Amino acid sequence: MSDSNSYDVVIIGSGGAGLTLALKLADHAKIAVLSKVTLSEGSTFYAQGGISAVLDEQDSLDSHINDTLDAGVGLCNIDIVRLTVLYGKRSINWLREQGVRFTTEQSPNGEKQLHLNREGGHSHRRIVHATDATGKAVSLSLINRAKQHANIVLLENHNVINLITANKLGLPGNAVLGAYILDTHNNVVKSIAARIVVLATGGASKVYLYSTNPHISTGDGIALAWRAGCRISNMEFMQFHPTCLYHPNARSFLISEAVRGEGAKLILPDGSSFMHRYDARAELAPRDIVARAIDNEMKTHGVDCVYLDISHKPADFIRQHFPTIYQQCLDLGIDITKQPIPVVPAAHYTCGGVLTDSYARTDIPGLYAVGEVACTGLHGANRMASNSLLECLVFAERAAQDILRKLPSLSREKITIPAWDESQVIDSDEEVVVSHNWDELRRFMWDYVGIVRTDKRLSRAMRRLELLKEEIAEYYNHFRVTSDLLELRSLVIVAELIVRCAQQRKESRGLHYTQDYPKLDTTRPPQNTVLMPKNFNPAQAINTDVV
Ligand SMILES: Cc1cc2nc3c(=O)[nH]c(=O)nc-3n(C[C@H](O)[C@H](O)[C@H](O)COP(=O)(O)OP(=O)(O)OC[C@H]3O[C@@H](n4cnc5c(N)ncnc54)[C@H](O)[C@@H]3O)c2cc1C
C-alpha cells in the first residue's frame, strides 16, 4: 500500500505490546503505530517490578506454570499459560537485543548474570528487572528502535474514534478495513486504511476513581472491539494493587510488590502488622488477598490508609534496590529508610478484555488484540505479578507470526473509506457535561463495583450507567468529538461490561469478591464470563481452545 493514509498494519498503541509487534513486523510490512498522547505515555512506561521468566537453575517452567494457575483460581487456559511461560526466556533475550539493560549481579563463579527479584505468588525468584523502573527501560528502548526503522510511522496524539469494518461500509464479510482517528494536535478527523488492525491500547483501570494507571487507560480498545462485534470476556476481574502511595501530592504512584518481596511489612497506624491474620503467606499473598485485607482493615479501623514499612532493611540496600520509590517518597517528605510509607489499594490491571486466541486474533477477521486489552486466558481470575509484560511480549510475537503468514494473501486492492461526516454536529458549549459524567462514573464504579461487591450495589451502578449512556450518546450525536468525550464513551461501555460480568458471576473467585456469594462455586466446573455484542457473528468466532 502506498498512499500516506494506507498501511499494511495499523497498530493502535505504543506500549510494550504495540511496539514489540511493530518491530517484529517492520522488516516485512509498512506499519503505523498510533498513540493517544505521547509515545511513552502508557502503563508500560510506569511498570516498576519487572518481567517474569524462568532463568534460575532452581526454578522450572512447571513451577511458573503452577504459580500462574494457582493465582488464576481455575480460570486460566492451561495451554495458553504453558505457551506464555515457554516463551519467557526468548522474550527477555529479545528485549536485551533491543538494548534494554536489565539489572545484573555477579554469579557465585564470578560471571555476570541477570538479577532476579521475587514477587507475590511466585514460588521462586524469577522477576527480571531494571532496578525499580523496568517499564521505563523497556519503553524507551523500544521507542528508540521503532524511531530508527524506516517502515514504522509513529503517530502521536492520534485518538482512534471507531474501527471501520466491511460491514459498516455495506461490503461483504466483516473484515476490519481501517479506523477513523482524531488527530488531537490539529483537531481533524482522519481515516486510515489497513490490511490488518491491531488493538494494543492497554487496560481500563481509569474507570475507577483511584488507579495506578496513566490517563490513557480508559479501555478504548475494549470498547472499539465491542462496538465492532467482538466478544469480551472476564471483565469482572479487575485487579486492585494493594499499595498505591497515599499522599495528596502524588497521583497514581505505585509502591512495587518487590518492596514486599524484599521483606516490607504492612502495618496499621499503631505499628501492628495484620497480614498474618488473613493468609499464611502474609505480605507475599496474592494481590487480591492483600488488597481485600487492607480494605477491610481500613474500614474496620476507620483509617484513610495503612503503612508499608521497609525501614528495618539497611538504608543502602533500600536506596540501591528501590531508587525511584526512594526518591519519589523523599520528594514528598517521606524517607523510606526511616519511615513507613502510607498506602491504599487502587485499580491496577484489567484481567479481562477482548477475547483472543493463541495468535491474538479476535472475532473480527484482520483485527488482533495484544497486551492488556486482550483476554488470552493467561490470567484467569487473577493476574500474577509481572506476568503481564511477559504476555505483551509473547502475544506480540504470536500475532507477528500469524500476520506475516497471512499478509501475502490479503488483498492489496485500495478501499475507499468515506470521509468522516461532521455536517450534523457543532462545537460543544457544554464541556461540563463530559467532565461531570467522568467524575460521577469513576466515583460510583469505585463505591459500587470496587474491591468488595454486592448484588444491590451492582444494580445501583447499572441504573446509573443506563442514564449516563443515554446522555453520552446524545452528546456524541450533537457535538464535534473531543478526546475527553471519546474516552468517556469508552469508559461507560467498559463500566457496563464490568458490571454485566460481575452480575453474571454468582460466586467469589479470584479478584471478584461479592458479599452475596462469598465462596467459590464448587458445584460445577469454573466458567469464564463471555459477553456477546448484538452484532456478534457466530460464524466468525475464534476458537480459543487451539494453540
Ligand atoms: C504503575 C504500574 C506498574 C506496573 N508494573 C508491572 C510490572 O512490574 N510487571 C508487569 O508485568 N506489569 C506491570 N504492570 C502492568 C503492565 O505495565 C501493563 O499491563 C502493560 O504495560 C500493558 O502494556 P500495553 O502495551 O498493553 O498497554 P500500555 O503500555 O498501557 O499502552 C497502551 C497504548 O495504547 C494507546 N492508546 C490507548 N487508547 C488509544 C486510542 N483510543 N487511540 C490511540 N491510541 C490509544 C496509548 O496511547 C498507549 O500508547 C504495571 C502497571 C502499572 C500501571
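Counting convention: from 1, in listed order, for ligands and their atoms alike. By convention here, the first residue in the shown sequence is residue 1. Computed from a predicted model, the values in this text were never measured in an experiment.
Under the ring pair (Phe, Tyr, Trp, His ring centres under 6.0 Å) criterion, F479 pairs with Y475, sequence neighbours left out.
Judged by distance alone, the side chains of N159 and T184 never bring a donor and an acceptor atom under 3.5 Å apart.
Closer than 4.0 angstrom to ligand 1 sit non-hydrogen atoms from I12, G13, S14, G15, G16, A17, L34, S35, K36, E41, G42, S43, T44, Y46, A47, Q48, G49, G50, H158, N159, V160, A200, T201, G202, T212, N213, I216, D220, L254, H348, Y349, G371, E372, R383, S386, N387, S388, L389, C392.
Within the 3.5 Å criterion, the main-chain N or O of D402 finds no donor-acceptor partner in the side chain of R398.
Between D220 and R489 there is no salt bridge, since no side-chain nitrogen of the basic residue lies less than 4.0 Å from a carboxylate oxygen of the acidic one. In summary, R90 and E397 engage in a salt bridge, as defined by a charged side-chain N under 4.0 Å from a carboxylate O. Residues K30 and D8 are not paired through a salt bridge, judged by the lack of any N-O separation under 4.0 Å between the basic side chain and the carboxylate.
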